[in-house]
Every structure is written in structure tokens, then in C-alpha cells.
Number of protein chains: 2
Amino acid sequence: MPSYNAPVKDQMFVLNDLLKVAEQDIPGYDDLDRETLEAILDEAGKVARDVLAPLNAVGDQQGCVLENGVVRTPDGFKAAFDQVRQGGWTALDCDPEYGGQGLPYVVATAVGEQFSAANMAFNMYQGLTHGAYSAIHAHGSDAQKATYLPKMVTCEWTGTMNLTEPHCGTDLGLMRTKAEPQDDGSYKITGQKIFISAGDHDMSENVIHLVLAKIPGGPDGIKGVSLFIVPKFLVNEDGTVGERNGVSVGNLEDKMGIHGNSTCVMNYDEATGYLIGTEHKGMRAMFTMMNEARVGVGLQGYAQSEVAYQNALAYAKDRLQGRSVTGVENPDGPADPLIVHPDIRRSLLDQKSFNEGARAFTLWGAQMIDRAHRNNDAAALGLISLMTPVVKGFLTDRGFDMCIQAQQVYGGHGYIEEWGMSQFARDARIAMIYEGANGVQALDLVGRKLAQDGGKHVMAFFSMVTEFIKETKGRSETFDADFREPLKAASKDLQAAGMFFMNNGMKAPNAALSGSYDFMHLFGHVCLGLMWARMAIAAEDRLAAGDSDAAFLNAKIATGRYYMARQLPMTATHLKRIESGADPVMSLDAEHF
Amino acid sequence: MPSYNAPVKDQMFVLNDLLKVAEQDIPGYDDLDRETLEAILDEAGKVARDVLAPLNAVGDQQGCVLENGVVRTPDGFKAAFDQVRQGGWTALDCDPEYGGQGLPYVVATAVGEQFSAANMAFNMYQGLTHGAYSAIHAHGSDAQKATYLPKMVTCEWTGTMNLTEPHCGTDLGLMRTKAEPQDDGSYKITGQKIFISAGDHDMSENVIHLVLAKIPGGPDGIKGVSLFIVPKFLVNEDGTVGERNGVSVGNLEDKMGIHGNSTCVMNYDEATGYLIGTEHKGMRAMFTMMNEARVGVGLQGYAQSEVAYQNALAYAKDRLQGRSVTGVENPDGPADPLIVHPDIRRSLLDQKSFNEGARAFTLWGAQMIDRAHRNNDAAALGLISLMTPVVKGFLTDRGFDMCIQAQQVYGGHGYIEEWGMSQFARDARIAMIYEGANGVQALDLVGRKLAQDGGKHVMAFFSMVTEFIKETKGRSETFDADFREPLKAASKDLQAAGMFFMNNGMKAPNAALSGSYDFMHLFGHVCLGLMWARMAIAAEDRLAAGDSDAAFLNAKIATGRYYMARQLPMTATHLKRIESGADPVMSLDAEHF
């Protein structure tokens with residue numbers, strides 16, 4: 001049975017030494033001193049380890065069950081959900097006006113990593129609620145906010161997002177769900193939505209569905225889509241839960257993973273809905289929370305990789321098999337532990353260097369979201385909008401790969417469900433798909449984000465890297481060889497790819513889009529390379545100041561060196577693929593595949 | 001529900017146009033004329049499509065069940081097994097002396113691809129039997145062969161391979177299962193074996209277990225291991241099935257995939273066993289069939305990728321979502337099919353170019369096995385021994401990746417079990433683990449095979465590639481640019497990596513082993529690049545001869561061009577990682593991970 005221990009020290013290193021959160025000029029950040037932060041993360045870590053992680057396998061084995069139209073969650077989920085709610089963990093970064101704690105998003109993100117690593121399926125009930133909360137908070141009327149938000153902050157009522165229909169996933173313009181205006185200002189919602197995570201369950205008093213639908217007579221396609229609040233139970237004037245609305249669970253999906261989360265087919269049959277914001281502007285309302293939601297999914301990718309790594313590491317230290325090629329290391333045992341073998345270390349370091357780099361990248365992104373929201377900083381908003389598909393696509397792809405590698409360390413035991421490694425891989429798999437499949441993320445990056453605001457944001461990113469490379473020149477011979485030069489080479493690849501798109505994008509869009517997936521990964525590697533170079537400096541600085549935790553800091557530097565030497569070189573291959581252009585991809589007729 | 005159609009035309013292209021089987025000077029190959037081969041593959045294809053594929057999801061959903069000590073297979077498995085046996089499909093390449101058809105291994109391999117793609121879990125019952133048959137055939141006494149082989153050729157009796165124990169997987173020297181000599185020349189076998197595929201089931205009259213065990217007083221470690229025949233039911237003098245032996249199923253494993261195959265914990269409690277070959281030479285007996293067994297697992301990797309691709313392709317042509325970026329292609333529909341989108345084509349071509357390259361590589365390997373066995377060709381045996389870890393490791397890693405990509409084409413539906421794409425990925429996952437985990441394959445390649453016979457075989461491979469590059473110089477401008485130059489660059493990377501190991505292997509074995517996994521993949525890419533360059537020539541030659549099937553042949557060339565442009569460049573990154581040496585991998589102390 002796998003276990004999980006929150007990597008608080010590593011998280012603190014990122015927040016404190018890399019991002020220096022307490023020193024940022026972002027409202028609310030001045031409260032994030034070392035002690036406060038550490039206390040929050042330690043407490044959250046206990047919940048993750050002692051409450052959520054033990055239910056992870058239970059959720060996988062039992063799954064959710066649809067009984068008489070109502071979804072029953074696995075044993076222990078409701079009690080744990082109550083504990084999480086009562087501990088205030090659902091309210092961390094919510095608006096104090098509605099009962100939230102008003103902490104920065106970066107703190108909620110760090111806690112989210114822990115909860116998601118401990119039990120991804122479980123944490124989604126809260127995650128979806130937070131997404132729905134954000135949409136209502138940003139676009140709802142004062143009355144809607146007053147009615148729904150206080151209950152959603154505490155997760156007494158949970159939320160869902162209803163976009164997909166059987167015939168339309170990415171292409172939401174094909175949507176058929178209808179919203180017919182009523183005399184009282186409400187709408188009657190009719191249609192079927194699928195893949196609705198946390199669509200129904202027995203852990204909250206009400207479920208607040210946010211539903212995209214079309215008001216008849218509106219513009220065609222995606223421009224005619226509006227967003228509605230459709231509660232499972234209508235809410236009485238006094239705020240209590242009233243009669244059942246015309247929404248029901250049509251089916252519960254049998255999925256590859258995240259069995260503990262109820263993925264529902266939702267049927268709306270003249271259900272009463274309330275418009276959020278303006279008619280036909282539903283997509284805009286969705287987009288405002290998309291950066292957050294997608295960063296949250298990227299986080300799931302590396303959170304699963306982190307917990308898988310922790311267990312693979314423990315196994316590699318414990319399992320005795322074979323002898324070190326350079327001489328016996330465990331003379332008293334019948335064999336040496338797996339970790340003496342170079343290829344096992346290679347695999348563990350792939351995982352470790354990815355997890356720590358991904359954590360830095362994600363928390364850096366979360367800090368930019370805070371800066372965008374709390375400082376109204378348009379440059380930060382532009383930059384995080386650019387990076388969002390990279391966080392989502394790159395971290396979930398690589399996070400899944402790392403779960404597969406962690407599973408592989410277990411040999412045959414990795415394939416046996418009892419050992420738990422299969423679940424990490426199966427759960428992580430969904431993160432590559434939902435909230436926009438990763439191919440769509442790549443399309444968003446190359447087709448929209450690169451050129452956004454005249455390419456300003458990608459130029460800002462390039463400058464940031466170039467500036468860093470300039471600034472760190474002559475820092476030390478080892479830093480130069482181990483970090484600065486590899487980063488320079490990788491960023492040159494990235495800029496060459498950007499140039500290729502610039503020169504081809506307009507006249508040959510297929511040439512750009514044929515390389516979109518590789519560009520997303522190339523970009524991701526450069527981001528992690530930049531994070532590692534910065535973390536190496538943070539560690540070096542602490543070492544130079546005589547810090548007593550030399551082992552930890554030297555391990556950081558060694559892990560970073562591994563990433564730069566063994567992962568970052570992927571940028572050259574990605575560039576080569578991109579530069580091969582459209583021809584290899586487009587020349588074969590569809591009928592000859 | 002997914003479907004499968006045997007790619008007979010593609011298989012024929014490899015056998016006929018690439019390998020030119022009928023022209024080889026290998027005993028038995030002169031019968032492999034086009035018509036005969038095509039007839040066999042067409043008939044096998046019908047069994048695969050109509051009998052095995054429809055049971056694939058059934059096997060996954062029902063799994064095997066242990067009832068009163070006996071394993072019950074999923075509904076329909078027994079009837080299908082009878083049909084396969086009665087059709088003679090289990091006897092294809094078996095020795096006519098024992099009822100086999102005596103066809104070359106290359107034919108059995110092509111049929112094996114089809115059966116494995118259609119239903120991997122099902123085909124393993126036959127596959128394991130074939131492995132046990134081969135061991136008895138190579139090392140058993142005449143009496144043992146006469147007793148067991150005729151029944152195993154028809155799969156009236158099936159076979160298993162018992163190596164792993166709870167505390168020993170790769171490191172078989174730690175084995176504890178005991179074999180105590182009896183006065184009658186038999187042995188009493190006592191111990192526990194785990195992960196025994198097809199360990200018990202209800203489809204055959206008897207199960208013939210091949211069991212590795214230690215005879216007390218023999219040499220320590222791996223050198224004291226012997227191989228035994230341990231039948232589930234003892235065999236009477238007259239060849240009929242007699243009394244129950246002391247072997248029982250301790251448990252049935254709950255696995256990530258291949259649910260239709262019974263993976264058993266087998267308990268041996270003073271079971272009667274019969275020594276195969278010589279005492280303490282059990283590993284040698286195992287090794288003689290290892291090339292075949294591992295090539296068979298490599299085949300499973302691309303077979304799952306092939307069937308996953310077929311279904312992803314159908315979905316990509318059928319599912320309407322979004323519009324082509326260069327203009328509407330399906331004006332009468334609400335949207336264009338997925339296949340218009342460059343990134344979907346990129347994914348499909350990754351899969352297609354891998355599958356077809358892998359098929360060529362595997363059948364080429366099978367032909368070498370025939371040459372080694374039927375011509376007693378030591379050079380062929382040396383070459384296939386060198387390539388075996390590449391076939392096994394590279395094709396199962398990449399095959400799994402391609403299953404994941406195929407699943408991704410389905411978007412959210414790919415994650416829902418009902419659509420079947422999850423099963424392909426879950427089933428393919430085991431091939432990276434069993435029959436020697438892929439890290440062990442890489443170790444075998446770099447630690448043993450490279451230096452075998454003074455490095456003769458790897459030099460032979462290098463010469464073969466160099467010779468090919470020399471021979472094809474000036475063939476045509478397009479061949480040169482699209483195939484020859486990329487192959488030349490990749491083979492230069494491979495030779496540089498080989499040189500790095502040569503220079504470092506002896507004095508710094510960790511430096512070589514730190515790059516072993518990358519070397520296995522580098523090698524695999526060069527092999528597939530070589531196959532594609534050869535297939536392009538075969539297609540060009542047929543086109544030049546005025547062949548009427550121009551669309552098929554041009555598609556081959558286009559698919560090959562894709563591989564050379566977009567997959568082969570990985571060799572540069574693999575080389576870079578290898579050349580980074582041991583330091584990034586070995587410098588971190590185990591306690592600081």
C-alpha cells in the first residue's frame with residue numbers, strides 16, 4: 001500500500017528561496033512569512049497524509065455507485081470531506097466577503113499539490129467547486145453571489161462545470177443544449193451534458209451546476225453560448241434548499257482511473273437556470289477562470305508524479321536485487337538495493353528533477369496569477385495566459401510519463417493493483433485529456449497565445465530568459481557549464497522555433513500547427529531549465545551564506561544538474577521536428593492512412 | 001466497441017517485398033510463395049477479426065476467477081481456444097515429428113502479430129505453451145518429448161514458465177524453490193512462484209509447468225538452478241492424464257490489464273518434477289528460448305499499437321470537430337473530421353510510422369531466428385542475440401506510448417472503458433515489464449551483448465548500415481535527402497555512442513550503464529530508420545516497375561519520410577544524454593534522493 005508525505009521542505013524552498021514570496025509587492029503576500037507558510041503547509045500535509053492518502057486506494061477499488069438516481073461515494077469519503085471543510089481547507093484563497101480566508105492563490109496551489117497527490121479523485125470535488133465559485137464570483141450578480149458563494153466556499157454546496165455534449169467536446173460551437181427564457185427572468189435548460197466531474201454525490205447538501213447552453217435566436221456557433229447556474233435543488237428565498245430541479249444523473253461513466261470521482265452524464269429537462277453575466281457571453285465567463293483551472297490540472301500531473309516517485313524511491317531503497325557493478329554495497333544482505341543500479345537512478349532522477357522543476361514552474365505561475373489579479377498587472381496576465389497551455393500540457397504529459405517510470409521501478413509488482421502504482425498512472429492519465437486535451441493546449445499556444453497582443457508576451461518571456469543569461473555570466477565556472485550554457489542552448493532552440501512560426505505561420509498555418517505539440521514541450525523544457533538555474537542560484541546563495549542544511553542544498557544543485565544534462569537536450573529534437581515543417585505531416589491523403 | 005482488421009497487405013509488403021522470403025536460402029522458405037503466404041495470413045486474419053477480437057473486451061471486463069482452486073476464464077474463451085487449436089494455429093512452426101506444421105518462425109510471427117493485436121490476453125495461453133514447448137524440444141529427453149510435445153503442439157495441454165518468486169525477480173540467484181532428488185529419478189519440488197501467466201485455467205486438460213528450482217547441495221546463486229517439468233496432473237504410462245500433482249493456485253493477481261489471462265501465484269508442495277537436461281544448467285535451458293520469447297513480447301508492443309491505431313484512425317475520420325485551418329473541408333457537415341487537424345495527423349503518423357517500422361524490424365528479426373536455427377548460422381544467431389533486447393525494450397516502450405497517443409485521439413472518450421482504448425494501453429503496459437523489465441533489457445544490451453564475441457556482432461550491424469549507406473549513394477536526390485542522409489546522421493550517433501561505451505565501459509562501468517536505456521532507444525531508432533529506408537527502396541522499385549498499386553506504395557514512402565524527419569532525430573538527444581556520462585546519474589547519495 002503506497003503512502004504520501006507532503007514535501008513541505010521542497011515547497012518552502014520554492015516559495016521562500018526561489019519566489020521570495022514575503023518580499024513581493026503583491027497585496028496579501030507580506031503575510032507569507034516563513035513561519036506562517038510552514039505552519040499552513042505542515043497542517044495541510046497532515047490532512048493529506050492521514051486523511052486523504054489512506055482513502056486513495058479505497059476510492060479506486062470501490063468507485064462511485066449510482067443508486068436510485070443518486071451517486072454514492074466510496075466509504076470514508078464523506079467523513080473526510082467534512083473534515084476538510086471543517087478545517088477550512090476549501091476556503092483558503094476565497095473572498096473573505098463570502099467566508100473565505102483571502103489567502104493568495106499561490107498558497108492554495110501549494111496545498112492543492114498536497115491534496116491532489118494524496119487523493120486526486122477526492123480533491124476534484126473541491127477543485128470543481130472552486131472553479132464554479134470563481135465563475136460566479138467574477139461574473140455573477142450580487143444576489144447570485146450572496147446566494148451561492150458562502151455555501152460553496154465551505155463546500156456545503158459543491159459545484160460542477162458543464163461544457164461537453166456527446167457530439168461536441170473541443171468544438172463547443174456545435175452545442176445543442178437549449179435555454180429558453182421565462183417570464184420571471186429565469187431560463188428552462190434542456191439538453192444532455194457528459195463527462196461532468198463531481199456531477200452528483202452524497203457529500204454535500206446541494207450541487208450547483210454551471211451549464212453552457214444556447215438561447216434560441218442567438219448568434220450561431222460559439223458566439224451564441226451563455227452560462228447558467230442550475231442548482232440540483234432550487235434555493236428558497238431564505239437560502240435554504242428547496243425543491244428538486246429538473247436535472248438528473250443519466251449515467252455514471254466507467255473510467256480508466258479517478259474512480260473515486262463521479263463522472264456523470266447529466267440530463268437537463270426543463271431545469272430552471274439563472275443566467276450568469278450577459279446573454280451569449282458564456283465563453284468569456286468561462287475563459288476568465290481558465291488559466292486557474294488549467295494550472296490546476298498541470299499541478300495534478302506533477303502531483304501524481306510526486307507521490308509515485310516517493311513510493312518508487314522507497315521501493316528502490318528497500319528491494320534487494322543484484323549487485324552494484326562497481327562492487328558489493330550491502331555485504332550483509334543477499335543482494336544490494338535497487339538504487340545502486342545506474343538505470344534505476346536514471347529513472348528516479350528523471351522523476352525527481354521533473355517534480356521539483358514542475359513545482360517551481362507551477363508556483364511561479366500561481367504567483368503570476370496573484371500578480372495579475374491582486375495588482376491588476378496586465379503584463380503578468382499576458383505572461384500567465386501565454387504559459388497556461390505549457391503548464392497544463394507539458395506537466396500532465398511528463399507527469400504521466402513519470403508515473404509510468406515510477407511504476408516500472410517496481411517491476412512486476414508495479415502491474416499488480418494491490419501495490420498502488422497502477423492507480424497513479426491511471427489517475428494521472430486523465431489530466432492529459434480534460435480541461436482541453438493537450439493537443440488543444442498546443443493549438444492554443446501556437447495558434448492564439450504566441451501572437452496575442454502582437455507577440456508582446458512571448459517577447460517578454462524571451463527577454464526574461466535572455467536577461468537572466470546575461471546577468472549570470474561569470475557567476476562561476478560550474479554554474480556556467482552546468483546551468484547557464486545548457487539553458488542558453490535550449491533558449492536558442494526555443495527562439496529559433498518561434499522564428500520558424502513567425503516566418504511560416506501566416507502563409508502556411510499547417511507548418512506552424514504541425515509543430516505545435518513539439519513547441520509546447522520545447523517551451524516546457526526551457527521553463528523547467530530556467531527554474532532549475534534559478535533554484536541552483538538560490539541554493540548556492542544559501543550555501544555561500546553558511547547555511548547548515550548543506551546536504552539538502554547540494555542535492556538541489558545535483559538534481560538540477562541532472563535536468564540540465566539529461567532532460568533539457570530534448571529541445572534540439574523538438575526544434576528539428578518543428579523545422580521539418582508541414583510536409584511530412586500533411587502530404588499523405590486521409591484515405592491513404 | 002473497437003474492432004481489428006489484420007493488416008495483411010502491410011505484412012505481405014514486409015515479407016514479400018522487403019524480406020523477399022521466398023528467395024532466401026533458408027530451409028522451408030522456398031514454400032513461402034506469395035499465394036501461400038497470403039492465404040495463411042488471410043485465414044488467420046479472419047480468426048483474429050471474427051473470433052478473438054470480439055472477446056477482447058469480454059476478457060477485460062470479466063477477467064479470470066479463482067473458484068475452488070480452479071481458474072475460470074471469461075465467457076467464450078474456451079470455445080475460441082478450441083477453434084484456434086482445431087484450426088491448427090497453435091502448431092504452425094512446431095516440429096512435424098510431434099504434430100507440428102514445420103512452417104518457419106517468420107510465418108508464426110506474422111500470425112502472432114494478428115492474434116496478439118486482436119486479443120493479447122487470450123493469445124498468451126498459446127504463447128506460453130509455445131515457450132514451454134521450445135524448452136522441452138531443445139533440452140528434454142526423447143521420452144519427455146514424446147510424452148509432452150504432441151499434446152502441447154495442439155494445446156490440449158498448455159504450458160507455463162515459472163521463474164519469479166516473491167523476493168526475486170531479475171536476480172534469480174536468490175531463488176528458494178527446492179528440488180529434492182527421489183530414488184526413482186524424479187524430484188520433489190517445493191516453493192512458491194509468482195506472476196505465472198496462464199498458470200491455471202479451464203481450457204486445457206493439463207498444464208505443464210516448467211519450473212526453475214535449486215537442487216540442495218548445488219552451487220550457490222544462479223549457477224545452481226535447474227529446470228523441471230511439473231505437470232498439473234501426472235501423466236500415466238499410456239499418456240493419459242492421471243492423478244493430481246502437488247501444485248496449486250495460491251492466488252489470482254488483480255492486474256492493470258490483460259485481465260483475460262490468469263496470472264497466478266503457484267504453490268508447489270512436494271510436487272513431482274522431472275529434470276530437463278542437466279542438473280544446475282537450468283538457466284542455459286531458459287536462455288535458448290529467450291530470444292524467441294523476447295521477440296514475441298516486442299511484437300505484443302507494436303501489435304497493441306497497431307490495433308489502437310486502427311481505431312484511432314477510424315475515430316479521426318468519423319468524429320466531426322472544428323474546421324481545417326486552411327479552409328472548410330466538409331462543407332456539408334457541421335464540422336470537419338478530426339483528421340484535417342495537423343496535430344491529429346502528427347499523432348496518427350507517429351503511430352503508423354512506428355507500427356510499420358516495428359513490423360519490418362520484428363519480421364526481419366524472426367527471419368534471423370530462422371536463419372540461426374535452420375541454417376545453423378552463428379552470425380545470424382549473434383546478430384539476433386544482440387538485437388533481442390532492442391526488439392523487446394524499444395518496441396514495447398514505444399508501442400505503449402503509441403497506445404497512449406491513440407487513446408488521446410479520442411479525447412474524453414478515450415478515458416471511458418466502454419470505448420476500449422484504455423484497455424489497449426493497460427494491456428500494452430505489461431510488455432514493458434515482463435520477460436525482463438526494459439531496464440534489464442538495456443543492461444543486457446550494454447553490459448553483455450555489445451561485447452559478446454569480442455564485439456563482433458555489433459560491428460557486423462554497423463557494417464551492415466554503413467554498407468547500405470554506401471550502396472545507396474546517388475540513388476536519387478529525394479531518397480538521399482529523405483532517407484539516406486537522416487539514416488547516416490542517426491547511425492553516426494549510434495557509432496559515437498558505441499565508441500563512448502568502448503572508451504568508458506571497462507574503466508567506468510557506471511558511465512556506460514547510466515546511458516544504457518538511451519542506447520537501447522538510440523539503437524531502436526536506427527533499426528527502424530534502416531527498415532524504413534529499405535522499405536522505401538522496395539516501394540520505389542515496384543513503382544518504377546509500373547506497379548498498379550501506386551497509392552499504397554506512395555503511402556509507404558510518405559510514412560517512411562515522416563519517420564525519418566520526425567522520429568529519427570531523437571538519436572541526437574539520446575547520444576547527448578549518453579555522453580553526459582555517469583556523473584549526473586551517480587553523484588547524488590542514495591540518502592539525499
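Because only heavy atoms are used, hydrogens play no part in the values below, and waters and symmetry mates are left out as well, while side chains stay in. Just so we're on the same page: letters track the sequence lines, and every chain starts at 1.
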Let's test your reading of the structure: which of G439(B), C168(B), S324(B), G221(B) forms the most heavy-atom pairs below 4.5 Å with chain A?
C168(B)

Heavy-atom pair of closest approach, residues R345(B) and V585(A)
NH1-O, 2.9 Å

Could you tell me which of A551(B), A558(B), G515(B) has the largest number of non-hydrogen atom pairs under 4.5 Å with chain A?
A551(B)

Which portion of S580(A) sits near chain B, non-hydrogen atoms under 4.5 angstrom
side chain

Which one of E591(A), R566(A), M421(A) has the most heavy-atom pairs closer than 4.5 Å to chain B?
R566(A)

Let me know if F552(A) has heavy atoms under 4.5 Å from chain B in its side chain, its backbone, both or neither.
neither

What part of E579(A) gets within 4.5 angstrom of chain B, counting heavy atoms only: side chain, backbone, both, or neither?
neither

Engaged part of T559(A) at the chain B interface, taking heavy atoms whose separation is under 4.5 Å
side chain

Any side-chain heavy-atom pair from K556(A) and H592(B) closer than 4.5 angstrom?
no

Under 3.5 Å, side chain of R429(B) to main-chain N/O of I404(A), donor-acceptor pair present?
yes

Looking at every non-hydrogen atom in both residues, tell me the closest pair between S422(A) and M256(B) and how far apart they are.
OG-CG, 3.2 Å

Which portion of A442(A) sits near chain B, non-hydrogen atoms under 4.5 angstrom:
neither

Hey, which of I416(A), T326(A), L172(A), V409(A) has the most heavy atom pairs under 4.5 Å with chain B?
I416(A)

Closest heavy-atom contact between Y415(B) and R426(A)?
OH-O, 2.7 Å

Under 4.5 Å heavy-atom distance to chain B, tell me which part of P337(A) shows up: side chain, backbone, both or neither.
neither

Checking S514(A) against chain B: side chain, backbone, both or neither under 4.5 Å from a heavy atom?
both

Can you see which heavy atom on L174(A) is nearest to which on A335(B), and at what distance?
CD1-CB, 4.2 Å

Which members of residues 316-323 of chain A, sorted by number, sit under 4.5 angstrom from chain B on a heavy-atom basis?
K317(A), R319(A), L320(A), Q321(A), G322(A)

Is a donor on one side and an acceptor on the other found under 3.5 Å between the side chain of Q408(A) and the backbone of A437(B)?
no

In terms of heavy-atom contacts, M586(B) and V340(A) come closest through CE-O, 4.1 Å

Side chain to side chain, R561(A) and S587(B), heavy atoms closer than 4.5 Å:
yes

All ring pair (Phe, Tyr, Trp, His ring centres under 6.0 Å) counterparts of F195(A), not counting sequence neighbours
H413(B)

Using a cut-off of under 4.5 Å for heavy-atom pairs, which of T263(A), N510(A), I430(A), T170(A) has the most such pairs with chain B?
I430(A)

Portion of D401(A) that has a non-hydrogen atom of chain B nearer than 4.5 angstrom
neither

Holding to ring pair (Phe, Tyr, Trp, His ring centres under 6.0 Å), I want the full list of residues that pass it with F519(B), two or more places apart in sequence or in another chain.
F501(B), F523(B)

In terms of heavy-atom pairs under 4.5 Å with chain A, which of M570(B), K576(B), E253(B), Q567(B) leads?
M570(B)

To the nearest 0.5 Å, what is the distance between CD1 on I339(A) and CZ on F593(B)?
4.5 Å

At a 4.5 Å cut-off on heavy atoms, which part of L443(A) comes close to chain B: side chain, backbone, both, or neither?
neither

Does H259(B) have any ring pair (Phe, Tyr, Trp, His ring centres under 6.0 Å) partners at least two apart in sequence or in another chain, and if so, which?
none

Chain B shares the most heavy-atom pairs under 4.5 Å, among M432(A), Q407(A), E418(A), with Q407(A)

Could you have a look at A582(A), G257(A), S353(A) and say which one has the most heavy-atom pairs with chain B under 4.5 angstrom?
G257(A)

Interface check, chain A: of I344(B), L313(B), D482(B), D254(B), most non-hydrogen pairs under 4.5 Å belong to D254(B)

Heavy-atom pairs under 4.5 Å with chain A are the metric here; pick the option from T164(B), V440(B), T571(B), I258(B) that has the most.
I258(B)

So which of F400(B), Y563(B), Y434(B), Y410(B) has the largest heavy-atom pair count under 4.5 angstrom toward chain A?
F400(B)

A side-chain contact here means heavy atoms from C-beta on lying under 4.5 Å apart; do E417(B) and K255(A) qualify?
no

Heavy atoms of L588(B) and K352(A) approach each other most closely as CD2-CE, 3.9 Å

Can you check whether D343(B) reaches L513(A) side chain to side chain, under 4.5 Å on heavy atoms?
no

